[in-house]
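This report refers to the structure that appears directly beneath it.
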Amino acid sequence: MADLLGVAVLGAGHMGADHIRRLDQVVSGARVAAVADPDVERAKDAVAGLDGVTVHTDPEAALDAPGVSAVLVASPGPAHEEALLAAFARGLPVLCEKPMVPDSAGALRVVEAEARRGRRLAQIGFMRRYDSEYLRLKSLLDGGSLGRPLMLHCTHRNVSSPAGFTSAMLVNSSVSHEIDAARWLLGQELTAVTVLRPASSSGAPEGLADPQFVLLESEGGVLVDVEVFVNCGFGYQVRCEAVCEAGSARIGDEHTMVVTTRGSAAEEVAQDYLVRFAGAYDREVQAWVDATRRGEVTGPGAWDGYAASVVAEAGVGSLETGARTRVELAPRPELYAGR
């Protein structure tokens with residue numbers, strides 16, 4: 001136990017509970033040392049059967065708990081800034097679920113706080129960078145055999161949206177994954193966003209603008225379109241096609257079980273992101289644990305979290321006005337040069 005990385009998990013909801021399970025049952029080299037959640041019974045349920053775990057309602061008490069040497073933030077987005085700053089103040093490395101901080105001003109404060117420390121402490125949970133299909137597409141684009149990328153066509157569909165999900169959250173929560181994936185796949189910053197609103201689906205809750213069509217522009221002239229539809233009703237689907245000067249490549253066409261019966265065939269469709277990206281989450285957390293035990297921080301960092309928040313915020317502005325909205329990033333601190 002003494003040789004294992006002791007992790008404080010902040011948040012024991014759907015995502016946090018899955019990370020607790022992952023740290024306990026899947027990932028090597030780490031253990032859950034503390035958990036914090038406003039709902040203490042939920043936290044206790046999430047760690048039932050685990051030895052040596054302290055349960056807290058106060059996140060900072062979890063950070064200060066015995067045996068904690070790293071933090072996994074899986075609380076709601078508005079709580080992330082305070083959690084990150086508290087972890088930085090203690091010099092604790094952090095894996096923070098996206099969005100790093102929902103608003104760009106708060107995200108910039110996190111970047112500046114980390115830069116003042118003079119070293120990276122945060123990895124941001126853009127798990128698609130660890131998905132086997134996305135990794136193959138990234139390798140293919142970087143290899144140059146398809147020539148210069150011209151367009152990315154993306155699809156992001158959910159069975160249904162949770163209670164309280166807003167029209168803005170289609171952009172700053174759901175499409176934030178495509179925002180980061182586009183920046184990473186292309187190696188370019190995004191410079192403008194336009195959000196178009198077709199007629200809302202009859203399956204969407206009243207007042208929710210769903211689906212939406214998001215058009216992103218990159219500094220290299222690449223166009224990225226995203227269909228986001230969070231109440232499609234039939235499954236969870238994520239696809240991406242890169243169209244380049246000398247060819248194209250598409251990922252996300254699920255190759256799952258196909259059941260054939262008399263006169264028909266049916267293919268399974270994932271119903272949840274924790275199913276579709278289970279392997280990506282496993283690789284992401286294992287990579288974080290391994291790097292942390294080496295005294296390193298790898299993967300998407302605070303600057304990536306900030307950039308995604310700025311682009312998403314511009315997208316929400318476009319959703320409200322219908323106008324193309326420019327993306328304005330702050331100067332990049334030296335700590336993140338070349339990233």
Side-chain angles (χ1 to χ4, degrees), residues 15 18-19 22-23 26-27 70 72-74 77 80 84 93-101 107 110-111 114 120-143 146 149 152-156 172-190 216 218 220 222 224 226 228 236-242 249-252 254 270 273-292 294 296-312 332 335-336 338-339:
M15 189 77 257
D18 193 59
H19 278 316
R22 179 170 291 106
L23 287 165
V26 180
V27 170
L72 195 158
V73 179
H80 288 184
L84 284 161
V94 189
L95 173 59
C96 180
E97 276 298 335
K98 67 86 201 166
M100 182 181 79
V101 179
V110 169
V111 165
E114 188 181 47
R120 284 190 57 191
L121 287 167
Q123 176 180 322
I124 309 306
F126 291 117
M127 81 294 183
R128 292 192 191 176
R129 298 192 187 200
Y130 297 87
D131 177 68
S132 58
E133 292 187 68
Y134 273 90
L135 285 166
R136 289 182 64 193
L137 181 57
K138 172 66 171 171
S139 178
L140 183 64
L141 294 178
D142 286 351
L146 295 183
L152 296 179
H153 301 304
C154 306
T155 302
H156 185 152
N172 61 28
S173 181
S174 298
V175 178
S176 64
H177 279 297
E178 278 74 23
I179 290 169
D180 180 72
R183 293 179 61 251
W184 174 63
L185 288 171
L186 300 172
Q188 301 175 23
E189 294 292 2
L190 302 175
L216 306 166
S218 85
V222 182
V224 182
V226 185
V228 56
Y236 180 81
Q237 293 182 325
V238 168
R239 298 186 179 122
C240 179
E241 181 181 22
R250 183 175 66 247
I251 59 173
E254 301 88 353
Y273 60 93
L274 294 181
V275 175
R276 165 63 179 86
F277 287 108
Y281 281 116
D282 290 349
R283 282 185 287 273
E284 173 192 51
V285 177
Q286 186 67 70
W288 174 67
V289 168
D290 291 344
T292 300
R294 295 192 306 267
E296 301 175 1
V297 178
T298 59
W303 179 262
D304 299 299
Y306 162 71
S309 291
V310 174
V311 176
R332 187 189 300 241
L335 179 65
Y336 311 104
R339 296 189 182 275

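Any value given below was found using the heavy atoms of this structure, including those in side chains, with hydrogens, waters and symmetry copies removed.
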Item to check | side-chain hydrogen bond (donor to acceptor under 3.5 Å, both in side chains) partners of Glu284, counting only residues at least two apart | outcome: none
Checklist entry - Which residues pass the side-chain hydrogen bond (donor to acceptor under 3.5 Å, both in side chains) test with Ser218, sequence neighbours left out? => result Gln188
Checklist entry - Who are the side-chain hydrogen bond (donor to acceptor under 3.5 Å, both in side chains) partners of Tyr273, not counting sequence neighbours? => result none
Next on the checklist: Working to the nearest 0.5 angstrom, can you tell me the gap between Ile124 CD1 and Arg129 CZ?
Outcome noted: 10.0 Å
Next on the checklist: Going by the rule ring pair (Phe, Tyr, Trp, His ring centres under 6.0 Å), which residues pair with Phe126 if we only count those two or more places apart in sequence or in a different chain?
Outcome noted: none
Next on the checklist: Nearest 0.5 Å, please: how far is CD1 in Ile179 from CG in Leu216?
Outcome noted: 6.0 Å
Item to check | Val27 side chain near Asp282 side chain, heavy-atom distance below 4.5 Å | outcome: no
Next on the checklist: Ignoring hydrogens, what is the shortest heavy-atom contact between Thr292 and Pro93? Give both atom names and the distance.
Outcome noted: CG2-CG, 3.5 Å
Next on the checklist: I need the minimum non-hydrogen distance between Cys154 and Glu178, along with the two atoms involved.
Outcome noted: CB-CG, 3.9 Å
Checklist entry - Which heavy atom of Ser174 sits nearest a heavy atom of His156, and at what distance? => result O-CE1, 3.2 Å
Checklist entry - Of the non-hydrogen atoms in Ala287 and Thr298, which two are nearest, and what is the gap between them? => result O-OG1, 4.4 Å
Item to check | Check: Arg120 side chain, Ala122 main-chain N or O, donor-acceptor pair, under 3.5 Å | outcome: yes
Next on the checklist: Run the side chain to side chain contact (heavy atoms under 4.5 Å, CB included) test against Arg250 and tell me which residues pass, sequence neighbours left out.
Outcome noted: Glu241, Asp253
Item to check | Inter-residue atom distance Cys96.SG - Gln123.CD, 0.5 Å rounding | outcome: 10.5 Å
Next on the checklist: Which residues pass the side chain to side chain contact (heavy atoms under 4.5 Å, CB included) test with Ser173, not counting sequence neighbours?
Outcome noted: Lys98, Phe165, Met169
Checklist entry - Salt bridge or not for Asp304 and Arg183, using N-O below 4.0 Å? => result yes
Item to check | Between CG on residue Leu186 and CG on residue Asp142, distance to nearest 0.5 Å | outcome: 10.0 Å
Next on the checklist: If the condition is side chain to side chain contact (heavy atoms under 4.5 Å, CB included), which residues does Ser309 pass it with, not counting sequence neighbours?
Outcome noted: Ala107
Next on the checklist: To check you understand the geometry: which heavy-atom pair defines the closest contact between His80 and Met100, and what is its length?
Outcome noted: CB-O, 2.8 Å
Item to check | Spatial distance of atom CG (Leu185) from atom OG (Ser139) [nearest 0.5 Å] | outcome: 11.5 Å
Checklist entry - Quick one: salt bridge (Lys or Arg N to Asp or Glu O under 4.0 Å) partners of Asp131, sequence neighbours excluded? => result Arg276
Checklist entry - Is a side-chain N or O of Arg128 found less than 3.5 angstrom from the main chain of Ala181, in a donor-acceptor match? => result no
Item to check | Val73 and Leu95: CA distance, side-chain angles, deciding distance, side chain to side chain contact (heavy atoms under 4.5 Å, CB included) verdict | outcome: CA-CA 6 Å; Val73 179; Leu95 173 59; over 6 Å; no
Checklist entry - Who are the ring pair (Phe, Tyr, Trp, His ring centres under 6.0 Å) partners of Phe277, not counting sequence neighbours? => result none
Checklist entry - Going through the distances and angles, do Val94 and Leu72 end up as a side chain to side chain contact (heavy atoms under 4.5 Å, CB included)? => result CA-CA 6 Å; Val94 189; Leu72 195 158; over 6 Å; no
Item to check | Val111 side chain reached by Tyr336 side chain, heavy atoms, under 4.5 Å | outcome: yes
Checklist entry - Between Leu335 and Glu114, is a side chain to side chain contact (heavy atoms under 4.5 Å, CB included) present by the stated rule, with each step listed? => result CA-CA 9 Å; Leu335 179 65; Glu114 188 181 47; 4.1 Å; yes
Checklist outcome for this item: ring pair (Phe, Tyr, Trp, His ring centres under 6.0 Å) filter on His19, not counting sequence neighbours, yields Tyr281
Checklist outcome for this item: Sorted by chain and residue number, the side chain to side chain contact (heavy atoms under 4.5 Å, CB included) partners of Ala242 (sequence neighbours excluded) come out as Leu137, Leu141, Leu152, Cys244
Next on the checklist: Under the rule for side-chain hydrogen bond (donor to acceptor under 3.5 Å, both in side chains), what residues qualify as partners of Asp290, not counting sequence neighbours?
Outcome noted: Gln286
